[in-house]
Amino acid sequence: MAFRIFNTMSRTKEELIPLDGEHVRMYTCGPTVYNYAHIGNFRAYMFEDLLRRYIKFCGFKVTQVQNLTDVDDKTIRSSIQQGLPLKEYTKTYIDAFFEDLAKLNIEPAEHYPAATDYIDEMIQLIGTLFDKGYAYKSDDGSVYFSIDKFSEYGKLAHLDREGMQAGARVAQDEYDKENAADFALWKAYVPEDGDVVWDSPWGRGRPGWHIECSAMSMKLLGESFDIHTGGVDNIFPHHEDEIAQSEAATGKPYSRYWMHCGYLVVDGRKMSKSLGNFYTLREILDMGYTGREVRYELLSSHYRQSLNFAFKSLDANRAALKRLDEFYASLVEAAENNDVAGELPAWASETRKRFADAMDDDMNISGAMAAVFDTVHAGNKAMSDSPVSSREARAVLDLWSELDRVLGILIPQEEAIPSRVFDLLEDRKKARAEKNWAESDRIRDALAECGWTVKDTPVGPKLRKL
RNA sequence: GGUGCGGUAGCCAAGCGGUUAGGCAGUGGAUUGCAAAUCCAUCUAGAUCGGUUCGACUCCGAUCCGCACCUCCA
């Protein structure tokens, strides 16, 4: 059993073997905090969450770094518009970002470095690139990376230099770069930057976009580390440029595995404000969906596939989650507070292996979920024939916890039963004992208004949250 | 133009050269005071056209359609 992941660099699935054999160090491109993150962004963070969770499931340690890009054109422009200092402006969206992560049950990374806290490291890195002859200063005062000096430029995106001139957006280029595709390491100050400016050996200005990820990843994870992730749209230019500047500076391999998740589209089209299909997580939650339902949605397609987000699939997810919850509730009842796990029943004995086999194959979530749902079905069937022992039920519950450390959706939130609901349930029991069906149904409606549903079973009524 | 991905049943979505993927929805039945949940049964597949093969949804080729990236968008 080995965890194999698709490496964008080699375009093949490779076994994940950490540099030091036991500890996976990963860098995941994070949000630009000039606005609330949208669900497309969260698709990427969800993929990274699943990845880190499964790496741990495999027995490795994980150190994950996720950067917060808190300085760029849009951030500066918006903060000035609102008359707020940059740090104050971005704080709102950084806080919101962490709230959203929690709503989606995304595990926190070990480090969340903000770009503006690592300016010194970036300046140092640019200095090294100057010393080694990869950087040059242009007449406008900006510093660029010369891609012609880095012969491997294009190895990640599989772009050849000649092909690049055909690019649609390259033509309109500016200044006096040596090569139109050279990218900025340091941007000279312009009045539009307001007071967002730092001193550097090359004059006042601010860092380019790519340099922050190189500086922060190497500072926190070392010059060579294991995994670097992002959306497919980051492959070029962002990750290509990171490789160039990092490897040019250190002479060492940068990230060993590159993983990229597919785009999220809404109703078959790219999410955009002009199409009106642009959603933030909080908008979706305001519509009454839960973070867990959104998590299920973002999780349930293979990460390299484009994911078609649709509200009707959120509704379908709700039904699927109910099915999982019903199964879980049956197990809890059968376990009868028994803490001692016995053997897994036959119907759950293959589950873990099937789950792991699927996930080992580049995180085949569909196969993994099939293992889960097959177990639900087989378990329901077995339990409807004959009760499962409390020790067996406990064993399955333990298995469920283990799988949920990867999935983060299997185990429902415990809901305390309000006393009013409990009283109504008692009243209804009496009414049913007297075969007073009208009263019984009336109470059932009252319970529904409280948000609870009641099911009558051979062993008595059972409450479920609606 | 270059690079890459995809077209699977009503919807979503996998693996696989020959044996039920899975989820949601639908239909019939069991069960229930009625429900709910659950179980049993059941209906819809593999864009098109060729080729390879004893046999292809799965391999090869062509065609059609959709999508993404090609300088700062996860």
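Below, chains carry the letters A, B, ... as their sequence lines are ordered, and counting in each starts from 1.
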Which is true for Gly208(A) with a 4.0 Å heavy-atom rule: it touches a base, it touches only sugar-phosphate, or it touches nothing?
nothing
Considering just the side-chain nitrogens and oxygens of Arg11(A), establish if one lies under 4.0 Å of OP1 or OP2 belonging to U3(B).
no
Measure from the side-chain heavy atoms of Tyr263(A) and tell me the nearest of A68(B), A14(B), G22(B).
A68(B)
Could you tell me which nucleotide pairs with A21(B) by Watson-Crick or G-U wobble geometry, both distances under 3.5 Å, or answer none if nothing does?
none
Remember a base hit wins even if backbone is also touched, and classify Arg432(A) as base, sugar-phosphate or nothing at under 4.0 Å, heavy atoms.
base
Donor-acceptor pair between Tyr289(A) and Asn317(A) side chains, under 3.5 angstrom
no
Could you check whether Tyr254(A) and Tyr27(A) have their ring centres less than 6.0 Å apart?
no
Ignoring backbone atoms, establish whether Lys74(A) has a side-chain N or O less than 4.0 Å from OP1 or OP2 of C72(B).
no
For the residue pair Phe311(A) and Phe309(A), is the inter-centroid distance of their aromatic rings smaller than 6.0 Å?
yes
Would you check if the distance from the ring center of Tyr36(A) to the ring center of Tyr93(A) is below 6.0 Å?
yes
Within the 4.0 Å heavy-atom criterion, would you say Gly230(A) contacts the bases, only the backbone, or no part of the nucleic acid?
sugar-phosphate
Just checking Tyr45(A) against Phe97(A), ring centres under 6.0 Å apart?
yes
At 4.0 Å (heavy atoms only), tell me whether Asp441(A) reaches a base, stays on the sugar-phosphate, or touches nothing.
base
Is the aromatic ring centre of Phe373(A) closer than 5.5 Å to the centre of the six-membered base ring of G22(B), with the two planes inclined by less than 30°?
no
From CG of Asp362(A) over to C1' of A13(B), roughly how many Å is that when rounded to an integer?
16 Å
Paired with C34(B): which nucleotide, if any, by Watson-Crick or G-U wobble criteria at under 3.5 Å for both distances?
none
By the Watson-Crick or G-U definition, both distances under 3.5 Å, C57(B) is matched with none
Under 4.0 angstrom, heavy atoms only, what part of the nucleic acid is Arg206(A) near: base, sugar-phosphate, or nothing?
nothing
Establish, with yes or no, whether the OP1 or OP2 oxygen of A14(B) is under 4.0 angstrom from a side-chain nitrogen or oxygen of Asn364(A).
no
Measure from CG on Leu321(A) to P on G23(B) and round the result to the nearest Å.
13 Å
Categorize Ser440(A) for me: base, sugar-phosphate, or nothing, with a 4.0 angstrom heavy-atom threshold over every strand shown.
base
Give one of base, sugar-phosphate or nothing for Lys381(A), where a contact means two heavy atoms less than 4.0 Å apart.
sugar-phosphate
Looking for any heavy atom pair under 4.0 Å, which part of the strands does Arg318(A) touch: base, sugar-phosphate only, or nothing?
nothing
Return the pairing partner of C69(B) with a 3.5 Å limit on both distances, Watson-Crick or G-U wobble; otherwise return none.
G2(B)
I want to confirm an ordering. Mapping Ala319(A) and Asp233(A) to their closest nucleotides on RNA chain B, which one lands closer to the 5' end?
Ala319(A)
Students often get this wrong, so: under 4.0 angstrom with heavy atoms, is Val454(A) touching a base, only sugar-phosphate, or nothing?
base
Tell me whether the side-chain N/O atoms of Arg444(A) come closer than 4.0 Å to OP1 or OP2 in A35(B).
no
When the ring planes of Tyr134(A) and Phe150(A) are compared, do they come out parallel, tilted or perpendicular, using 30° and 60° as the limits?
perpendicular
Heavy atoms only, 4.0 Å cut-off, all strands: where does Ser313(A) land among base, sugar-phosphate and nothing?
nothing
OP1, OP2 of C24(B) versus side-chain N and O of Lys312(A): anything below 4.0 Å?
no
Between Arg354(A) and Ala184(A), which is nearer to the 5' end of RNA chain B once each is assigned its nearest nucleotide?
Arg354(A)
If C39(B) has a Watson-Crick or G-U wobble mate with both distances under 3.5 Å, name it; if not, just say none.
G29(B)
Would you please confirm or rule out a distance under 4.0 Å between OP1 or OP2 of C40(B) and any side-chain N or O of His377(A)?
yes
When we call it a touch if two heavy atoms are under 4.0 Å apart, what does Ala370(A) touch: a base, just sugar-phosphate, or nothing?
base
Taken in chain and number order and not counting sequence neighbours, the residues that satisfy side chain to side chain donor-acceptor pair (under 3.5 Å) with Asn105(A) are none
So what does His210(A) touch, heavy atoms closer than 4.0 Å: a base, only the sugar-phosphate, or nothing?
nothing
Pairing partner of U48(B), by Watson-Crick or G-U wobble and under 3.5 Å for both distances, is A62(B)
Which part of the nucleic acid does Ile235(A) contact within heavy-atom distance under 4.0 Å: base, sugar-phosphate only, or nothing?
nothing
